[in-house]
Amino acid sequence: MIHEFAIENVLSFKDEQVISFEASSDKTYEEYHVVKKGNLRLLKLLLLYGANGSGKTNILLALEMLKDVILDKKNDKNEPVAVVPFLLDKTSRNKPSTFYLSFFIEQTRFIYSLVTDTERIL
């Protein structure tokens with residue numbers, strides 16, 4: 001179960017963006033929508049909504065990029081990393097991209113953090 005997902009300098013996101021599955025203090029329908037992990041209350045689902053072109057798909061693509069970097073075995077260490085930085089200014093395209101994923105398996109919390117550019121994992 002995902003706790004938080006954060007990205008910086010990825011696709012259309014120059015600054016850090018965080019998606020948190022922590023539930024608010026509202027207890028309405030808690031038995032249907034909330035799972036307790038230790039002292040955290042996490043939502044079972046998340047809805048992304050917004051105007052066209054606001055980055056909804058890019059959030060999902062960033063999560064897929066992270067998955068691909070984790071699961072894709074490289075045969076050649078010089079093979080480029082499949083990450084696309086923010087390209088709409090001259091400085092960001094040369095800076096590393098950052099991914100952060102906090103998740104639970106059973107009651108154990110795992111944190112996966114990745115800093116990479118298009119050439120290598122830093």
Enquirer: Look at the side-chain heavy atoms of Ile, Leu, Val, Met, Phe, Trp and Tyr, link any pair under 4.5 Å apart, and say whether Phe103 and Leu48 land in one connected group.
Expert: yes
Enquirer: Considering residues at least two apart in sequence or located in another chain, which fulfil the salt bridge (charged side-chain N to carboxylate O under 4.0 Å, His left out) criterion with Glu79?
Expert: Lys74
Enquirer: Rounded to the nearest 0.5 Å, what separation is found between the OG atom of Ser97 and the CG atom of Leu114?
Expert: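 So the OG of Ser97 and the CG of Leu114 are separated by 9.0 Å.
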Enquirer: For Leu46 and Ile19, run side chain to side chain contact (heavy atoms under 4.5 Å, CB included): C-alpha distance rounded to whole Å, both residues' side-chain angles, the deciding distance at 0.1 Å, then the answer.
Expert: CA-CA 9 Å; Leu46 176 82; Ile19 292 181; 3.2 Å; yes
Enquirer: Just wondering, do Glu16 and Val18 contact through their side chains at under 4.5 Å, heavy atoms?
Expert: yes
Enquirer: Does Val81 offer a backbone N or O that forms a donor-acceptor pair with the side chain of Thr118 under 3.5 Å?
Expert: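 No; judged by distance alone, with no hydrogens or angles, the pair does not exist.
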Enquirer: Would you say Ile105 ends up clustered with Val35 if hydrophobic residues are merged whenever their side chains have heavy atoms under 4.5 Å apart, either directly or through other cluster members?
Expert: no
Enquirer: Side chains of His3 and Glu22, heavy atoms from C-beta outward: is any pair under 4.5 Å?
Expert: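 Answer yes - side chains close enough.
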Enquirer: For Ile7, run the side-chain contact (heavy atoms from CB on, under 4.5 Å) check against Leu66, Asp15, Ile59, Thr98 and tell me which one passes.
Expert: Ile59
Enquirer: Using the side chain to side chain donor-acceptor pair (under 3.5 Å) rule, collect all pairs that involve residues 29-39, keeping only residues at least two apart or in two chains.
Expert: Glu30-Arg41
Enquirer: Do Leu101 and Ile2 have side chains that approach each other closer than 4.5 Å (heavy atoms only, starting at C-beta)?
Expert: yes
Enquirer: What's the separation between atom CZ in Phe21 and atom CG in Leu42, rounded to the nearest 0.5 Å?
Expert: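 Between atom CZ of Phe21 and atom CG of Leu42 there are 9.0 Å.
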Enquirer: For Asp26 and Ser24, test the side chains for any donor-to-acceptor distance below 3.5 angstrom and give the result as yes or no.
Expert: no
Enquirer: Can you list the residues that meet the side chain to side chain donor-acceptor pair (under 3.5 Å) rule with Glu4, with sequence neighbours excluded?
Expert: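 By the side chain to side chain donor-acceptor pair (under 3.5 Å) rule, Glu4 matches no residue at all.
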Enquirer: If you apply the rule side chain to side chain contact (heavy atoms under 4.5 Å, CB included), what do you find for Ile121 with Val115, and how did you get there?
Expert: CA-CA 6 Å; Ile121 295 173; Val115 179; over 6 Å; no
Enquirer: Any side chain to side chain donor-acceptor pair (under 3.5 Å) pairs touching residues 43-67, not counting sequence neighbours?
Expert: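 Every side chain to side chain donor-acceptor pair (under 3.5 Å) pair that includes a residue of residues 43-67, provided the two are not neighbours, is Ser12-Asn58.
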Enquirer: Could you grab the distance from atom CE of Met1 to atom CG of Leu43, nearest 0.5 Å is fine?
Expert: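 Atom-to-atom, Met1:CE and Leu43:CG are 8.5 Å apart.
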Enquirer: Can you hop from Leu60 to Phe5 via hydrophobic side chains spaced under 4.5 Å?
Expert: no
Enquirer: Are any side-chain N or O atoms of Arg93 and backbone N or O atoms of Leu87, one a donor and one an acceptor, separated by less than 3.5 Å?
Expert: yes
Enquirer: Decide whether Leu122 and Ile111 are clustered together by the hydrophobic rule: side chain heavy atoms of Ile, Leu, Val, Met, Phe, Trp, Tyr closer than 4.5 Å, transitively.
Expert: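 In one cluster: no.
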Enquirer: Side chains of Arg109 and Ser102, heavy atoms from C-beta outward: is any pair under 4.5 Å?
Expert: yes
Enquirer: Under the ring pair (Phe, Tyr, Trp, His ring centres under 6.0 Å) rule, what pairs show up with a residue in residues 58-102, not counting sequence neighbours?
Expert: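 For residues 58-102, and leaving out neighbouring residues, there are no ring pair (Phe, Tyr, Trp, His ring centres under 6.0 Å) pairs at all.
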Enquirer: Taking side chain to side chain donor-acceptor pair (under 3.5 Å) as the definition, give me every residue that meets it alongside Thr116, ordered by chain and number, with sequence neighbours left out.
Expert: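 With sequence neighbours excluded, Thr116 shows a side chain to side chain donor-acceptor pair (under 3.5 Å) to no residue whatsoever.
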Enquirer: Quick check: does any side chain N or O of Asn9 sit under 3.5 Å from a backbone N or O of Ser92, one acting as donor and the other as acceptor?
Expert: yes
Enquirer: Is any side-chain heavy atom of Leu11 less than 4.5 Å from a side-chain heavy atom of Met65?
Expert: yes
Enquirer: Apply side chain to side chain contact (heavy atoms under 4.5 Å, CB included) to the pair Val10 and Val84, showing each step before the final yes or no.
Expert: CA-CA 6 Å; Val10 178; Val84 180; over 6 Å; no
Enquirer: Is Phe110 reachable from Phe104 through a run of I, L, V, M, F, W or Y residues, each pair having side-chain heavy atoms under 4.5 Å apart?
Expert: no
